[in-house]
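For reference, the structure discussed in these notes is given below.
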Amino acid sequence: MIVYLFCYLASFFLARFGHYYLSGVALMIAAVWLYISDYRHTRSLIHLRGIFSLFWVGGQGLACLKLSYLQSDWQIMTWVCFALAFVGFWVVFEVLTRLYGSGYDNYGRFRSFTGNAIPVFCLLCGLTVLTLATFILEAVVLGYVPLLVRGVPHAYSEFHLTGVHYITVSCVLVPSLTVLYLHMENGRGSEKRMVIALVMTLVALMIPILCVSRFQFVFAVMLAAFTYISLQKSFHPLYLLPVLAVLLPVYLLLTVARSHDAEYLMGIFEMKQETMPVFLAQPYIYIANNYENFNCMVEVLPRHSLGLKGLYPLWVLSGLKFVFPNLLQYPIYVDKRELSTLTLFYDAYYDFGWPGVLLLSCLLGVAAYLLTVKLREMRNPMGYLLYAQLAAYLMLSFFTTWLSNPTTWFYFAATAVMAVYYHLNEHRKRI
């Protein structure tokens, strides 16, 4: 924490004097130091605090480089909020660790997870069939499949039916269920079921491709990778290279399928170095500009919404948005309409200002600690899926307001339902 505070102050003053590159490098050094510190103690590549440290602080470091004309000097309140978002999480996690232990020993987390694989197989098959059915329903009702549409850059964003699309995008959970199933079978199960599980996984991965959803495809693969890593006693980082070898070409192909050419994208990004390749400019903007959007909100927000903005998932999933449409009348403040992604703490500030940011940060620290400690004694496989989801949300903390996103809570609900199903099957088996 001392290293972080020193680097953060250095970054703040360097930015104030216009030394943006040095400002960004200072924070990126802090991010790597914090991640390595947690990794050395836990030997876990996906330790929740380590992941949050690397990507939240590192993302801010990238934003501080100011490589785009869209970026400007941040308000002091923006700097304060970004610091509180990290400090609250880190300190709460550390205090709980010192009081109750870390959940790790000198040899890493114990792996004693076993169980009946058949319910998991039934779940992955059932979820695949259900999500495929809703995808076909959407395609029939809307009259098109986004992958097959040409020259319409935003066709993918209009491909959804109210309520139904939440089920369709739940296909992202299937690869993780397959990982759990194969782990539980451990090569001793039916070869026929294993082949079926792999086929179901391919079908589930085809749905985001057909929807031209880069994020859903990446998210599905990420969840599966995190689930696999959480089940291993040791995992070498080089094993992630095959995952990247799959992700990158599919990501690029889906970008082309969206009818977004390089000229169109670079016109949106407004990079200071016009010769920068689009494959570097795009990930940079997708990370850095979210922090700019937070600063934009800090500058112009007329008043706080006192919780109404953050409760958006409740208004949507309960149907109250149709009864009280004024509940949704809270505009999003961004510096450019095409770049509308936000950060994990955007709505927390929107609702309550800096106290809201600090409160959310502390609550996430508690949740991350509890899930980290409980994982080693987990008897329900859906606990590993839940851990993978939180790891992904913390990794992509710079990307969007996860906890104010109805889809996030739909995933949580689906995971809970599957956990109950597995528990009831295990209980019936014991009886």
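Between Met418 and Leu385, some side-chain heavy-atom pair lies under the 4.5 Å cut-off. Considering only heavy atoms from C-beta on, Leu394 comes within 4.5 Å of Leu48 through its side chain. Annotation: side chain of His47 is in contact with side chain of Phe93 (closest heavy-atom distance under 4.5 Å). Contact annotation: the side chain of Leu130 approaches that of Ile167 to within less than 4.5 Å [non-hydrogen atoms, C-beta and beyond]. Within the 4.5 Å cutoff, the side chain of Lys309 has no heavy atoms near those of the Ser404 side chain. Using a 4.5 Å heavy-atom cutoff, the side chains of Glu138 and His160 are in contact. Residues Leu371 and Leu375 are not in side-chain contact: their nearest non-hydrogen atoms beyond the backbone lie 4.5 Å or more apart. Contact check for Leu198 versus Leu202: no side-chain heavy atoms found under the 4.5 Å cut-off.
A donor-acceptor pair is defined here as one N or O able to donate and one able to accept, closer than 3.5 Å; no such pair exists between the side chain of Tyr369 and the backbone of Thr97. With Asn293 contributing its side chain and Asp335 its backbone, the two residues share a donor-acceptor pair below 3.5 Å. At least one donor-acceptor pair closer than 3.5 Å links the side chain of Gln71 to the backbone N or O of Leu67. Judged by distance alone, with hydrogens and angles left aside, the side-chain atoms of Ser176 form a donor-acceptor pair with the main-chain N or O of Leu223 at under 3.5 Å. Judged by distance alone, the side chain of Lys66 and the main-chain N or O of Gly18 form no donor-acceptor pair under 3.5 Å. Side-chain atoms of Ser361 come within 3.5 Å of backbone atoms of Ala85 as a donor-acceptor pair (strictly under, hydrogens ignored).
Taking CD1 from Ile285 and CG from Asn290, the interatomic distance works out to 9.5 Å, rounded to the nearest 0.5 Å. Rounding to the nearest 0.5 Å gives a distance of 8.5 Å between CE of Met297 and OH of Tyr350. For the atom pair CD1 of Ile46 and CD of Gln232, the computed distance is 10.0 Å after rounding to the nearest 0.5 Å. Interatomic distance, OG1 of Thr343 versus CD1 of Ile287, reported as 13.5 Å (0.5 Å rounding). With rounding to the nearest 0.5 Å, the separation of CD in Glu299 from CE in Met77 is 12.5 Å. Between the CG atom of Leu360 and the CG atom of Leu344 there is a distance of 5.5 Å, given to the nearest 0.5 Å.
A salt bridge links Lys336 and Glu270; the closest N-O separation between the charged side-chain nitrogens and carboxylate oxygens is under 4.0 Å. A salt bridge links Asp38 with Arg49: the closest approach of a Lys/Arg side-chain nitrogen to an acidic carboxylate oxygen falls below 4.0 angstrom.
The ring of Phe226 has its center no closer than 6.0 angstrom to the ring center of Tyr384. You'll find the ring centres of Trp56 and Phe345 inside the 6.0 Å limit. Between Phe398 and Tyr291, the distance from one ring center to the other does not fall under 6.0 angstrom.
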- Applying side-chain contact (heavy atoms from CB on, under 4.5 Å), run through Phe135 and Thr131 and close with a yes or a no. CA-CA 6 Å; Phe135 169 77; Thr131 56; over 6 Å; no
- Item | Chi angles and distances behind the ring pair (Phe, Tyr, Trp, His ring centres under 6.0 Å) call for Trp74, Phe82 | CA-CA 11 Å; Trp74 296 337; Phe82 290 163; 5.2 Å; yes
- Message: Would Leu161 and Leu142 count as a side-chain contact (heavy atoms from CB on, under 4.5 Å) here? Give the steps.
- Response: CA-CA 8 Å; Leu161 291 178; Leu142 297 174; 3.9 Å; yes
- Query: Yes or no on side-chain contact (heavy atoms from CB on, under 4.5 Å) for Cys362 and Val366, after CA distance, side-chain angles and deciding distance?
  - Reply: CA-CA 6 Å; Cys362 293; Val366 173; 5.7 Å; no
- Item | Verdict with supporting geometry, Ile196 and Cys125, side-chain contact (heavy atoms from CB on, under 4.5 Å) | CA-CA 8 Å; Ile196 292 174; Cys125 291; 4.0 Å; yes
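Tyr411 and Phe219 have parallel rings, their planes meeting at less than 30° on a 0 to 90° scale where 60° marks the start of perpendicular. Taking the six-membered ring where tryptophan is involved, the planes of Trp402 and Phe399 are tilted, since the angle between them lies from 30° to 60°. Aromatic ring orientation, Tyr181 versus Phe121: tilted (interplanar angle from 30° to 60°).
Surrounding NZ of Lys374 are at most 12 heavy atoms belonging to other residues, nucleotides or ligands under 6.0 Å away. Within 6.0 Å of atom CD1 in Ile76, 12 or fewer heavy atoms from other residues, nucleotides or ligands are found, so the atom counts as exposed in its surroundings. Within 6.0 Å of OH on Tyr228 lie no more than 12 heavy atoms contributed by other residues, nucleotides or ligands.
Closest non-hydrogen pair, Val145 versus Ala139, comes out as CG2-CB, 4.0 Å. Pairing each heavy atom of Asp351 with each of Leu308, the nearest pair is OD1-N, 3.7 Å. Pairing each heavy atom of Ala30 with each of Val57, the nearest pair is CB-CG1, 4.4 Å. When every heavy atom of Cys81 is checked against every heavy atom of Val357, the shortest pair comes out as O-CG1, 3.5 Å. Summarising the geometry of Pro208 relative to Gln216, their closest heavy-atom pair is CB-CB, 3.7 Å, with the distance given to 0.1 Å. Closest approach of Ala392 to Met222, counting heavy atoms only: CB-SD, 3.8 Å.
The ring-ring contact (aromatic ring centres under 6.0 Å, His included) test with His304 is passed by exactly one of Trp354, Tyr349, Phe352: Tyr349.
No side-chain donor from either of Thr341 and Thr400 sits under 3.5 Å from a side-chain acceptor of the other. Residues Tyr333 and Asn295 have side chains that never bring a donor and an acceptor to within less than 3.5 angstrom of each other.
For Pro406, the side chain to side chain contact (heavy atoms under 4.5 Å, CB included) partners are Tyr166, Tyr312, Pro313, Val316, Leu317, not counting sequence neighbours. Not a single side-chain hydrogen bond (donor to acceptor under 3.5 Å, both in side chains) links Thr128 to another residue, sequence neighbours left out.
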Without placing hydrogens or testing angles, list every side-chain donor-acceptor pair under 3.5 Å for residues 6-14, not counting sequence neighbours.
{"from": "Tyr8", "atom 1": "OH", "to": "Gln60", "atom 2": "NE2", "distance (Å)": "3.2"}
{"from": "Tyr8", "atom 1": "OH", "to": "Trp79", "atom 2": "O", "distance (Å)": "2.5"}
{"from": "Tyr8", "atom 1": "OH", "to": "Ala83", "atom 2": "N", "distance (Å)": "3.4"}
{"from": "Ser11", "atom 1": "OG", "to": "Ser23", "atom 2": "O", "distance (Å)": "2.9"}
{"from": "Ser11", "atom 1": "OG", "to": "Ser23", "atom 2": "OG", "distance (Å)": "2.7"}

